[in-house]
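Comments concern the structure below.
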Protein chains: 2
Amino acid sequence: MPATPGRALRPTTKVMPGQARVYNRSLVLQSLYSDGPQSRADLARVTSLTPVTIGALVSELISEGLAVELGPRAGARVGKPATMVGFDPSAAHIVSIDLSRDVMFRGAVLDLAGTVLVTAEAPRDGRLGEGAAQVALDLARELVEKAGRPVLGIGVGSPGVVDPEGTVLSAPNLGWSGMPLARLLNESLGRPVHVANDANAAALAEHSFGGATRSGVLVLTVGLGVGAGILLDGALVRGDRFAAGEIGHLIIEDPGPPCACGRSGCLESMLSVPRLRARLAELPEIERQQAISKAGTSLGIALAPVISTLDLGEVVLNGPPDLLGGAFLDAAATAVRRRVLPVVGHALELRLSTLHENAVLLGSAVLVLSGELGVS
Amino acid sequence: MPATPGRALRPTTKVMPGQARVYNRSLVLQSLYSDGPQSRADLARVTSLTPVTIGALVSELISEGLAVELGPRAGARVGKPATMVGFDPSAAHIVSIDLSRDVMFRGAVLDLAGTVLVTAEAPRDGRLGEGAAQVALDLARELVEKAGRPVLGIGVGSPGVVDPEGTVLSAPNLGWSGMPLARLLNESLGRPVHVANDANAAALAEHSFGGATRSGVLVLTVGLGVGAGILLDGALVRGDRFAAGEIGHLIIEDPGPPCACGRSGCLESMLSVPRLRARLAELPEIERQQAISKAGTSLGIALAPVISTLDLGEVVLNGPPDLLGGAFLDAAATAVRRRVLPVVGHALELRLSTLHENAVLLGSAVLVLSGELGVS
DNA sequence: TTTTTTTAGTGAAGCGTCTTTATAAAACGG
DNA sequence: CCGTTTTATAAAGACGCTTCACTAAAAAAA
């Protein structure tokens with residue numbers, strides 16, 4: 001017998017025995033959420049639960065306000081007309097906070113369908129540590145007060161390494177090291193709080209709102225820093241030290257340009273928006289396209305092993321389209337396709353995000369939706 | 001955050017009250033399997049089920065022969081003496097088949113603890129397609145007959161891309177394309193059959209028998225080809241086209257040595273055992289160490305993005321120790337640590353496998369153990 | 001028009017599995 | 001020798017799903 005004391009019992013199967021009801025409930029809710037209004041009979045077919053069970057679950061959801069009856073189905077069919085049931089996106093609101101920008105924290109109130117209803121900003125004014133946390137807290141409080149419905153929860157996308165309990169283990173930009181952000185917000189605001197890394201949140205947003213449908217998706221966020229989020233079968237990869245996706249300081253050129261991290265040739269030192277813009281500004285017009293292509297190729301070379309190893313189906317870039325679109329994207333795609341197995345390269349979709357700067361806000365909302373309702 | 005089900009509903013994981021029982025049963029079995037003999041009260045504590053439930057589950061397991069009572073606990077304590085219950089590795093046998101070697105298919109009979117009891121080989125004699133499948137089938141049949149206990153199932157590690165139903169979608173070496181291997185063996189032998197890619201099987205073996213305990217593990221198998229298996233939280237990454245880990249033909253040098261795949265600079269063209277040995281043979285003694293180091297560095301450069309992106313905790317190399325140990329391993333480790341985030345590089349364990357050529361056989365057995373009993 | 005078929009939805013009874021509560025057994029400690 | 005602690009099982013109850021039986025309403029067929 002493999003004597004491996006202390007190895008945890010399989011945590012992968014999230015479905016616990018007593019949780020069967022909860023699971024089935026979220027199965028129904030998920031179907032209403034992503035497939036739109038359906039009759040109870042439709043739900044029974046798609047979930048392969050019995051009509052009786054569906055009836056009970058739906059009336060529970062209706063009594064909570066999460067679902068509503070929408071009247072008879074349009075278009076005539078044989079048999080008793082079905083009563084359509086739909087998800088009600090206005091049942092509650094979500095407060096979302098994006099801490100990934102340097103000078104301004106951004107926040108929003110969203111409905112359950114991810115529609116942004118209210119936005120707000122709060123200048124950080126260079127504050128670090130507790131001070132920065134206070135800015136985030138005040139912004140969250142302001143938005144909770146502005147929400148016109150019960151607040152389902154508060155989602156936060158933070159730079160740095162975030163553990164599953166919502167403690168920011170390390171975020172140098174904000175002067176945070178072991179900052180218990182989720183606990184802080186929860187104790188002050190009395191609402192469920194979910195915190196994740198900003199790039200990971202952006203990846204969730206692509207899955208739920210950006211049309212990323214493959215089972216293996218990598219989302220690369222390029223801004224002040226460079227970060228990634230990986231979704232396998234819709235679930236975020238967390239990593240051994242919760243640092244999955246922290247590839248900004250992966251070295252891809254040796255030797256390369258120096259980086260703030262103390263080393264050189266980091267992905268961030270070559271691709272981050274300020275660094276890339278600065279480099280381009282130094283060049284004459286005609287050499288810029290080439291420099292952009294070169295950067296794209298570097299990225300492609302770095303991503304190829306990841307795409308190949310995980311057999312990813314989709315790679316999404318989120319950042320300024322004027323930098324990442326066109327030549328950059330083409331060069332990256334070419335570099336990847338030259339390097340990976342043809343069958344993988346052919347099927348791979350490599351594209352820009354359509355969510356732009358809302359990705360982190362939307363992703364933070366997904367944290368709440370999936371944490372509180374089991375929906376995404 | 002919560003590992004949420006993907007956008008699509010997954011009717012496969014439908015949870016009925018009856019499934020809860022199965023889950024709890026495997027929870028108990030898993031604990032007995034990996035943590036060793038315990039009393040019913042111990043099991044109740046570790047699984048957080050009630051003593052009553054444990055009592056019922058344990059007597060079910062005992063009646064099936066999977067568990068046995070081992071008498072009172074050694075060493076006196078307060079209270080009624082506990083009766084120890086243990087997993088019985090000899091309750092059944094497993095037939096394992098390794099198709100990864102070129103000239104010989106290897107097979108074995110193992111007990112449930114992974115102890116190899118009988119081995120057998122079957123020469124393929126260059127047969128391809130149906131012929132090769134027939135060799136595998138005959139080998140499996142021979143081993144099923146040699147098993148001294150009921151055969152729990154048949155596990156197969158095959159080169160190429162294998163889908164979850166056990167169909168080998170593509171294995172050029174064996175002339176297979178869409179070969180329904182699991183169905184074939186199941187129909188002929190009447191036992192449950194589980195098929196997986198050979199490198200993926202080797203990764204499972206490292207997890208269950210090789211002491212790989214981190215939540216993120218990559219196992220690189222270097223032999224005639226080069227392949228990988230990635231385990232996240234104990235579960236294999238499958239990939240969008242079931243091709244996860246197929247990194248043999250990832251291009252890491254451009255230009256590089258030509259490869260059988262038609263391109264050049266593939267990982268396999270540089271690292272596969274025959275190619276590496278051939279290259280070394282051409283060199284004078286003094287240059288060999290350097291060539292080995294160079295190969296290790298190339299591997300490290302290719303793996304660094306993967307390790308960084310997934311925040312892996314452990315990388316295991318399986319292959320000839322005379323090639324992969326020493327300079328190769330050191331060079332790979334150095335190359336990786338130079339490139340990834342220091343916090344990731346420090347914690348990373350990069351080592352050789354201790355399972356050697358049994359990895360695929362053991363991993364195929366794990367397929368059966370986890371598929372049939374839910375233990376690993 | 002009337003009857004049959006098809007689809008939608010709900011109530012009642014039953015079954016499996018977990019939990020709670022109660023009880024018995026066996027060891028230690030004062 | 002009697003309370004305390006720990007182990008284990010038995011009996012009763014709760015929960016949630018399924019099956020079976022039924023009503024409801026509309027199209028299709030006779």
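Side chains included, hydrogens not; waters and symmetry mates left out as well; all remaining heavy atoms used. Because the structure is a prediction, the values reported are computed rather than measured.
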Protein-nucleotides 7-14 of chain D N/O pairs under 3.5 Å:
unit_1	atom_1	unit_2	atom_2	d
dT7(D)	OP1	Arg45(B)	NH2	3.4
dT7(D)	OP2	Arg45(B)	NH1	3.0
dT7(D)	O4'	Lys80(B)	O	3.4
dA8(D)	OP1	Thr83(B)	N	2.7
dA8(D)	OP1	Thr83(B)	O	3.4
dA8(D)	OP2	Arg40(B)	N	3.2
dA8(D)	OP2	Ala41(B)	N	3.0
dT9(D)	OP2	Arg40(B)	NE	3.4

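- When the side-chain nitrogen and oxygen atoms of Arg21(B) are compared with OP1 and OP2 of dG16(C), none of them lie within a distance under 4.0 Å.
- What you find for Val85(B) and Leu70(B) is that their closest heavy atoms are C-CD1, 4.2 Å.
- Residues Leu362(B) and Gly114(B) come closest through the heavy atom pair CD2-O, 3.4 Å.
- Between the OH atom of Tyr23(A) and the P atom of dC17(D) there is a distance of 13 Å, rounded to whole Å.
- Taking 4.0 Å as the cut-off between side-chain N and carboxylate O, Arg149(B) and Asp88(B) do not count as a salt-bridged pair.
- For the pair Arg25(B) CZ and dG16(C) C1', the computed distance is 16 Å after rounding to whole Å.
- Atom C1' of nucleotide dG16(D) and atom CG of Leu27(A) are separated by 15 Å, given to the nearest angstrom.
- Ala244(B) and Val237(B) get closest at one heavy-atom pair: CB-O, 3.4 Å.
- The phosphate of dT19(C) (OP1 or OP2) has a side-chain N or O of Thr50(B) nearer than 4.0 angstrom.
- Among residues two or more places apart in sequence or in another chain, the side chain to side chain contact (heavy atoms under 4.5 Å, CB included) test is passed with Pro164(B) by Arg238(B), Phe242(B).
- Nucleotide dA8(C) holds its P atom 12 Å from the CD atom of Gln38(A), rounded to whole Å.
- For Arg40(B), the side-chain hydrogen bond (donor to acceptor under 3.5 Å, both in side chains) partners two or more places apart in sequence, or in a different chain, are Glu69(B).
- At least one side-chain nitrogen or oxygen of Asn24(A) sits closer than 4.0 Å to the OP1 or OP2 atom of dC17(D).
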